[in-house]
**Student:** 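I have a structure here, written as structure tokens, and I will follow up with some questions on it.
Note that this is a predicted model, so its numbers are computed, not measured.
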Amino acid sequence: MPTYKAPLRDVRFLLKGVFDASSHYCESGFPDATPDVIDAVLTHGAEFADEVLAPLNQKGDEHGAKWRDGVVTTAPGFKDAWRKYREGEWGSIGANPEYGGQGLPESLELAVNDMSCGACVAFRGASSLTLGAVHAIEAHASDKLKQVYLPRLISAEWAGTMCLTEPHAGSDVGLITTSAKPAEDGSFLLTGTKIFITFGDHDLTDNIIHLVLGRLPGAVKGPQGISLFLVPKFLLDDADNATGELNGVVCSSIEAKMGIKASPTCVLNFEEARGFLVGHEHGGLAAMFTMMNYARLDVGQQGLSQGERALQGASAYALERRQMRAAGGVRSPEREADLIIEHADVRRMLLTMKSLVEGSRALAIFAAIQLDKRHHPDEEARHRADQMLAFLTPIVKGFLTEVGSEAANLGIQVWGGAGYICESGMEQYARDARIMPIYEGTNGIQANDLLRRKVIGSKGALLRVFLEEVETLVRELEGSSELGYQAKALAELKDEWAALSSDIARRSVSNADEAAGVAFDYLMYSGYVAVAYCWARMSKAALANLGRLPSDDLFLRTKLQTARFYFERILPRTRSLVVTLKAPSETLMVVAAEAFSL
Ligand SMILES: Cc1cc2nc3c(=O)[nH]c(=O)nc-3n(C[C@H](O)[C@H](O)[C@H](O)COP(=O)(O)OP(=O)(O)OC[C@H]3O[C@@H](n4cnc5c(N)ncnc54)[C@H](O)[C@@H]3O)c2cc1C
């Protein structure tokens, strides 16, 4: 089984070399995030990932979470790891100091999360949803709820969940029927069934705080009639807020599933469970979006992290497995066969994985940096960061989970037959990665969000914010003898992207299927170009630092070579996407629905 090593060097390169994090943190209102602090957080974060979380990954998959008589027990080692997570204050990095958080930038938190996700993505489910709940409560709940619940969620004494999905209401949350009846004391009694709730029950913490979407009496049908409630597993005593009696939340089963087996996926029955309104009556969906937007960035990172694990496993194997002779000539004459890394086709797979994974990581961190900028003293900078984040969130969630899955599958291929055998550990990454394009809003939903809501809905304004960044970079690189080729490609793509978007918007005025039918291809096109922008930024930083420290040279030279591979062999995927983006929706819709039952 391949050992996992947190990609600390890559993360450091991005924060320090590419995005100049310490200046950015200073400007964005985080004076405490000094270079020393950044380095300490990343170094210890990598140790935590390698030493505490990584050993859980395969064992957790083999053992899984267990349900018995309404109670979920996590896989061996998970409880102890959560204790260490809590003691190490890993849940409080970016949280508000008013509630016990460390007040550090969220991009630093997400950089640490990237390393943790790669170590054990099933564990990440609990911590990620807890942080998402923190964001939603802080943004929308009453002061009283914030004072009581935030410190104990931020300290990881308790964990949080996100309860949207019901048997008949998945992508369409407007269909939910869970009811919330007002009680005399101002609280609400919730009744209904939620399915697929990640870490809906477990033994990691003494209490679990569910954020639940429900409907008040008389609420209108659809998304406008939904409200958000905080429902604790155990109610608190009024006098001292100590954990008191069990609330009416019953975990009636957990799902047997393809991957992330150590993450319990629960059916939760709310039986007149007492809850407290978060935000306004009927304003639940907007409040829940605070949590979902955070979770979407997190799931994007989960996707890339499985690609990272697969890349590490595939690289190690390709450097030890010998089969046949390299087409270009014998490489190891003293041995009967060459290493498989000498075969051009194995190189194709490894570099595809490497260029997608490292490019994805850069895009995830670039998006996370926009989170920090929302604290910038300048209003215009804050507004621009909000726009950028709105635009990038569906790309990070959708594209990174698609290419993360691709990389995880390629990892199996590099191992050949052994990759298909459980013992290798490689097939687990592909199984674990497979959920990521589905949950937190399927990638079909992300694609529609990007194209129809964000791009067409803003009349291109959100796209323009990103294209302006591309334009600035093109101007910086266009005179460069080494990187001029990247500037040329990006300049052409920038114009093409804008023209394609206008064309789709125009076509969809008379027929919305024109946009819906190309939305996924548009998401992928956007992802390839956004990652090309990130590779150009990485190339610029690599070139600037090359030759400074001999110990960095191989790393930096490899960045430049991988960038060239990306531009020459991955970015051309946009050529076929351009063709499909121009194709009318007719071929999709003309086949009669009944024809699929023939
Ligand atoms: C392991 C796991 C963990 C989960 N964790 C949670 C959790 O913690 N909390 C929670 O609330 N939920 C959770 N979910 C639920 C998850 O978010 C949903 O499964 C997901 O949102 C899709 O909903 P659905 O499964 O009902 O699919 P459906 O909504 O039925 O979708 C089926 C297909 O139709 C497509 N589709 C639907 N509507 C449209 C549209 N308008 N345009 C284009 N395509 C469309 C979808 O893209 C998909 O391909 C989890 C699910 C799993 C499997």
Side-chain angles (χ1 to χ4, degrees), residues 4-8 11 37 40-61 63 65 72-97 99-135 137 149-162 198-209 233 243 260-264 291 294-295 297-299 301-302 305 309 368 432:
Y4 173 77
K5 194 101 194 81
L8 179 60
V11 169
V37 169
V41 172
L42 293 179
T43 307
H44 294 303
E47 279 166 15
F48 180 72
D50 290 349
E51 291 165 19
V52 179
L53 300 182
L56 301 179
N57 201 48
Q58 196 174 24
K59 279 194 241 153
D61 181 59
H63 189 280
V72 175
T73 310
T74 52
F78 272 61
K79 209 170 164 177
D80 192 44
W82 186 271
R83 183 181 56 74
K84 290 178 178 149
Y85 173 82
R86 188 178 163 191
E87 285 168 4
E89 301 181 15
W90 292 111
S92 68
I93 298 175
N96 189 342
Y99 306 105
Q102 299 175 53
L104 288 167
E106 280 179 79
S107 61
L108 191 57
E109 176 181 292
L110 279 141
V112 171
N113 293 345
D114 175 349
M115 301 190 282
S116 309
C117 282
C120 183
V121 74
F123 181 89
R124 179 73 195 139
S127 51
S128 153
L129 290 164
T130 303
L131 291 173
V134 165
H135 285 284
I137 294 169
Y149 289 94
L150 283 179
R152 295 165 98 169
L153 285 166
I154 288 170
S155 68
E157 178 187 347
W158 295 343
T161 74
M162 176 170 70
T198 298
F199 279 92
D201 193 58
H202 56 79
D203 56 358
L204 302 179
T205 56
D206 294 341
N207 205 355
I208 302 173
I209 310 307
K233 176 177 173 179
T243 307
I260 55 166
K261 291 175 188 259
S263 165
M291 185 167 187
Y294 177 87
L297 293 181
D298 191 89
V299 172
Q301 281 195 312
Q302 292 180 18
S305 76
R309 273 206 90 119
D432 285 355

**Student:** Under 3.5 Å, side chain of Asp114 to main-chain N/O of Gln301, donor-acceptor pair present?
**Tutor:** no

**Student:** Give, for atom NZ of Lys79 and atom CG of Asp203, the distance between the pair rounded to the nearest 0.5 Å.
**Tutor:** 5.0 Å

**Student:** I'd like to check the ring-ring contact (aromatic ring centres under 6.0 Å, His included) partners of Tyr294; sequence neighbours left out, ordered by chain and number.
**Tutor:** His135

**Student:** Over 60° means perpendicular and under 30° means parallel, so tell me whether Trp158 and Tyr149 are parallel, tilted or perpendicular.
**Tutor:** tilted

**Student:** Rounded to the nearest 0.5 Å, what's the gap from NZ on Lys233 to CD1 on Ile208? Could you check?
**Tutor:** 4.5 Å

**Student:** Could you grab the distance from atom CG of Asn96 to atom CD1 of Ile154, nearest 0.5 Å is fine?
**Tutor:** 6.5 Å

**Student:** Does the side chain of Leu129 reach to within under 4.5 Å of the side chain of Thr198, using non-hydrogen atoms?
**Tutor:** yes

**Student:** For a quick test of reading the model, state the closest non-hydrogen atom pair linking Cys120 to Asn57 and the distance between them.
**Tutor:** CA-OD1, 3.4 Å

**Student:** Measure the spacing between CD of Gln302 and OG of Ser116 and express it to the nearest 0.5 Å.
**Tutor:** 11.0 Å

**Student:** Tell me whether Glu109 contacts the main-chain N or O of Gly94 through its side chain, where contact means a donor paired with an acceptor under 3.5 Å.
**Tutor:** yes

**Student:** What heavy-atom pair brings Trp82 and Ala126 nearest, and what distance separates the two atoms?
**Tutor:** CZ3-CB, 3.6 Å

**Student:** Is the Phe123 ring parallel, tilted or perpendicular to the Phe48 ring (thresholds 30°, 60°)?
**Tutor:** perpendicular

**Student:** What closest approach, in Å, do Ile260 and Asp432 show between heavy atoms, and which atom pair accounts for it?
**Tutor:** N-OD1, 2.7 Å

**Student:** Side-chain contact test, heavy atoms from C-beta onward, threshold under 4.5 Å: evaluate it for Thr161 versus Ile209 and give yes or no.
**Tutor:** no

**Student:** For Ala133 and Gly160, which heavy atoms make the closest approach, and how far apart are they?
**Tutor:** CB-CA, 4.3 Å

**Student:** To the nearest 0.5 angstrom, please state how far the CZ atom of Arg152 sits from the OG1 atom of Thr130.
**Tutor:** 14.5 Å

**Student:** Under a 3.5 Å distance rule, please check whether Gln102 uses its side chain to pair with a backbone N or O of Glu89 as donor and acceptor.
**Tutor:** yes

**Student:** Taking Asp201 for its side chain and Val72 for its backbone only, find out whether a donor-acceptor pair lies under 3.5 Å.
**Tutor:** yes

**Student:** For Arg124, is there an ion pair with Asp298 - N to carboxylate O distance below 4.0 angstrom?
**Tutor:** yes

**Student:** Would you call the rings of His202 and Phe199 parallel, tilted or perpendicular if under 30° counts as parallel and over 60° as perpendicular?
**Tutor:** perpendicular

**Student:** Does any part of the side chain of Asp50, heavy atoms only, come nearer than 4.5 Å to the side chain of Tyr4, both counted from C-beta?
**Tutor:** yes

**Student:** Are Ser127 and Tyr85 close enough that some pair of their side-chain heavy atoms sits under 4.5 Å apart?
**Tutor:** yes

**Student:** Do Asn207 and Thr243 have side-chain atoms, one donor and one acceptor, less than 3.5 Å apart?
**Tutor:** no

**Student:** Please report the interatomic distance CG(Asp61) to CG(Leu56), rounded to the nearest 0.5 Å.
**Tutor:** 12.0 Å

**Student:** Can you name the nearest heavy-atom pair linking Pro7 to Met115, along with the distance?
**Tutor:** CD-CG, 4.0 Å

**Student:** Tell me the closest heavy-atom pair linking Ala156 and Thr205, and the distance in Å.
**Tutor:** O-CG2, 3.8 Å

